[in-house]
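In each ligand, atom 1 is the first atom listed, and ligand 1 is the first ligand listed.
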Amino acid sequence: MTLTLDLTARRVEHARMFVDGGWADAASGGSFPTVDPSTGETIAQVPRADATDVDRAVAAARRVSVEWQFTDAVARAGLLRALAGLVAENADELARLEALDSGHYLAKAQELVAAIPLWLEYWAGLADKVGGRTIDVPGNKLSFTLREPLGVTAHIVPWNYPLLILVRSCAPALALGNTCVVKPAEDTSLSALKFAELVEQAGFPAGVFNVVTGFGAEAGAALAAHPDVAGITFTGSTETGKTVAKLAADHVAQVNLELGGKSPTIVFPDADLDDAVEAAVQGFCSHAGQVCVAGTRLFVHADVREAFLAKLVDRLRAAKIGDIFDGATQMGPLINEKQYRRVREYIEIGKSEGTLHYGGGRPAGTADGGYYVEPTVFTDVTNDARIAREEIFGPVAAVITWTDEDELIRACNDSPYGLFAVVFTKDITRALSTTRRLQVGGVMINDWFGELPMTPHGGHKQSGTGREEGLEAVHGYTQIKHVTVNLDDSLRAGTDWAGAPL
Ligand code: NAD
């Protein structure tokens, strides 16, 4: 029985896990509700996996791991291309499911789902092009490396971009010969389950791709701690990332951590202010601020502060917030009640740390049970304020005025995070020298963040380790085997244990 979406009733039925090529409830029979962030109402019951279910999924992935590793790369790529085609064919349903479950407004969810085949195609293209290298060693020998998959990889996914984040790590893992076990976030399991149906239809062998649904501390922790998991890609909060890294350390699994951020948007006095305002609004209002790269620290030069703020307020007043299925909507709700309370708390903290310049309340006309918050801007904030240091994960920006460039850079870098930054200036020398000095994993100059399969994404400092996307992601899903071949007829006398000529 396949997962069914009834948009009129806002209900999803038959949400079951995908394990070893089949559909399963939790072994315990347990389930939990997933909630529509626009209304606070339950939309589905989802199986609540525990260590038993995780063990079954990992065993299945392990069983087929060698067969999948030695499946021709061209054949693995073919399956990924078939999957890309199925995602495109089912894009509308996937987008509606994602919107309902995660609170993305429909047009954004459609844009996100429409992009997913790009990731699958990118990694399908690379499947047969990633290899080792030859090494010039002394003596009559041939030395080279093989680049091999890790084995079973675990993919622990957050709720903000559920399907995109799943695909951006599973596509390289599968292309490069790993078998996968995915644990979606408890708030947003549905698109992963629909995607698993497409994996099945595409014809991937049973066990190569598995999805277990459940809570982080239960299913997530069991997956991270599983001794047969060789690699873990965790995307989520820095705090949970540290827990996952500790669990992984116990069995020495390779870990990619894509964690939180508190990104600066820097506005120089010569910036195109309309563009800078647009990037700032995208930066802290995209998906109601629930974005790892969210530009929530707005460093605006004193000379353009007033003009920038005036344009910012005009732009925010024009933004339509509310019903995710209304074609005019530009911002939906926060994911759940916990996040709603957290953001509201930070807004109260902000009132004592700065001046509330815009927003702070509930957007007019939004549904009562939904988790909506107005875009909120605080001015007169210093970089040591909590609202400037802590990841709020809501549409809340702190405007910090600056005049001295060295102090600006010091303040930007004075953060435990180092994920991303945006720089607005027409002076390319200034833009590039600023870029070199910023301690972050990515910089956009005169532009807002756009996620692409070919550009590496990841953090410095407590924003993470390893890279997703781009050629750099190959390192996160492969390991090296070194091989040396003796080309002489026999081993020469006098060769030491290391094989080096004496
Ligand atoms: P989270 O850390 O609460 O949860 C992420 C995932 O980890 C979920 O699947 C959850 O069930 C699981 N989890 C929770 N506790 C666990 C445990 N003890 N062991 C194993 N797994 C566990 O994060 P979230 O609230 O879902 O997502 C928001 C966070 O994700 C933000 O901090 C955001 O910046 C970050 N994020 C980072 C990136 C990036 O690419 N750097 C992308 C998106 C989101």
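- Of all the atoms in ligand 1, the ones that sit under 4.0 Å from a non-hydrogen atom of Asn160 are 43 (C), 44 (C).
- Under the 4.0 Å criterion applied to side-chain N and carboxylate O atoms, Glu197 and Lys194 are assigned as salt-bridge partners.
- The pair Arg341-Glu337 counts as a salt bridge, with a side-chain nitrogen and a carboxylate oxygen less than 4.0 angstrom apart.
- Checked by atom type and distance alone, the side chain of Trp68 pairs as donor or acceptor with a backbone atom of Asn178 at under 3.5 Å.
- The contact set between ligand 1 and Pro184, taken as ligand atoms under 4.0 Å from a residue heavy atom, comprises 9 (O).
- Protein heavy atom closest to atom 27 (O) of ligand 1, with residue, atom name and distance, is Pro158 CB, 3.4 Å.
- Of all atoms in ligand 1, listed by their number and element, those nearer than 4.0 Å to a heavy atom of Val244 are 19 (N), 20 (C).
- Annotation: atom 16 (C) of ligand 1 to nearest protein heavy atom, Thr240 CG2, 3.3 Å.
- In this structure, Phe234 is part of the shell of residues with a heavy atom less than 4.0 angstrom from ligand 1.
- The shell of residues lying under 4.0 angstrom from ligand 1, judged by heavy atoms, excludes Gly214.
- Which parts of ligand 1 touch Gly220 is read off a 4.0 Å heavy-atom cut-off, strictly below it: atoms 19 (N), 20 (C), 21 (N).
- Distance from atom 24 (P) of ligand 1 to its nearest protein heavy atom, with residue and atom name: Trp159 NE1, 3.4 Å.
- Annotation: atom 34 (O) of ligand 1 to nearest protein heavy atom, Glu391 OE2, 2.6 Å.
- Using a 4.0 Å cut-off between charged side-chain N and carboxylate O, Glu218 and Arg48 make a salt bridge.
- Ranking the protein heavy atoms by distance from atom 11 (O) of ligand 1 puts Glu186 OE1, 2.5 Å first.
- Using modelled atom types, one side-chain atom of Asp53 and one backbone atom of Asp50 make a donor-acceptor pair closer than 3.5 Å.
- Contact annotation for Val293 and ligand 1: no heavy atom of the residue comes within less than 4.0 Å of the ligand.
- Considering backbone and side-chain atoms alike, Ser463 places every N or O at 3.5 Å or more from each N or O of ligand 1.
- With a 4.0 Å heavy-atom cut-off, ligand 1 is reached by the side chain of Arg168 but not by its N, CA, C or O.
- By the 3.5 Å distance cut-off applied to N or O atoms, Val157 is counted among the residues near ligand 1.
- Every atom of ligand 1 is numbered from 1 in the order shown, and the set under 4.0 Å from a heavy atom of His457 is 39 (C), 40 (O), 41 (N).
- The pair Arg389-Asp384 does not meet the salt-bridge criterion, since no charged nitrogen lies less than 4.0 angstrom from a carboxylate oxygen.
- Against a heavy-atom cut-off of under 4.0 Å, Gly260 is close to the following atoms of ligand 1: 32 (O), 34 (O).
- Counting heavy atoms closer than 4.0 Å to ligand 1, residue Ile156 contributes side-chain atoms (C-beta onward) but none from N, CA, C or O.
- Within the 3.5 Å criterion, the main-chain N or O of Leu86 finds a donor-acceptor partner in the side chain of Asn90.
- Remark: among candidates Pro162, Ala224, Cys292, Ala294, the nearest residue to atom 42 (C) of ligand 1 is Cys292, based on non-hydrogen atoms.
- Atom numbering of ligand 1 starts at 1 in the shown order; those under 4.0 Å from a heavy atom of Phe393 are 28 (C), 31 (C), 33 (C), 34 (O).
- The backbone N or O of Gly283 sits nowhere less than 3.5 Å from a side-chain atom of Ser286 that would complete a donor-acceptor pair.
- Salt bridge status for Lys351 with Glu348: present, with a side-chain N to carboxylate O gap under 4.0 Å.
- The residues Arg362 and Glu374 are annotated as not salt-bridged, no charged nitrogen and carboxylate oxygen being separated by less than 4.0 angstrom.
- Tested against His104 for a side chain to side chain donor-acceptor pair (under 3.5 Å), the candidates Gln110, His287, Glu111 yield a single pass: His287.
- Glu13 and Arg11 are joined by a salt bridge, as a carboxylate oxygen and a charged side-chain nitrogen come within less than 4.0 angstrom of each other.
- Closest to atom 5 (C) of ligand 1 among all protein heavy atoms lies Thr235 O, 3.7 Å.
- Within ligand 1, the atoms closer than 4.0 Å to a non-hydrogen atom of Ser237 are 1 (P), 2 (O), 23 (O), 29 (C), 30 (O), 32 (O), numbered from 1 in the order shown.
- Ranking protein heavy atoms by distance to atom 41 (N) of ligand 1, first place goes to Leu259 O, 2.8 Å.
- Of the options Gly442, Gly236, Gly216, the smallest heavy-atom separation from atom 13 (N) of ligand 1 is shown by Gly216.
- Remark: Asp250 does not engage Lys246 in a salt bridge, criterion side-chain N to carboxylate O under 4.0 Å.
- Identified under the ring-ring contact (aromatic ring centres under 6.0 Å, His included) test for residues 226-254, with sequence neighbours left out: none.
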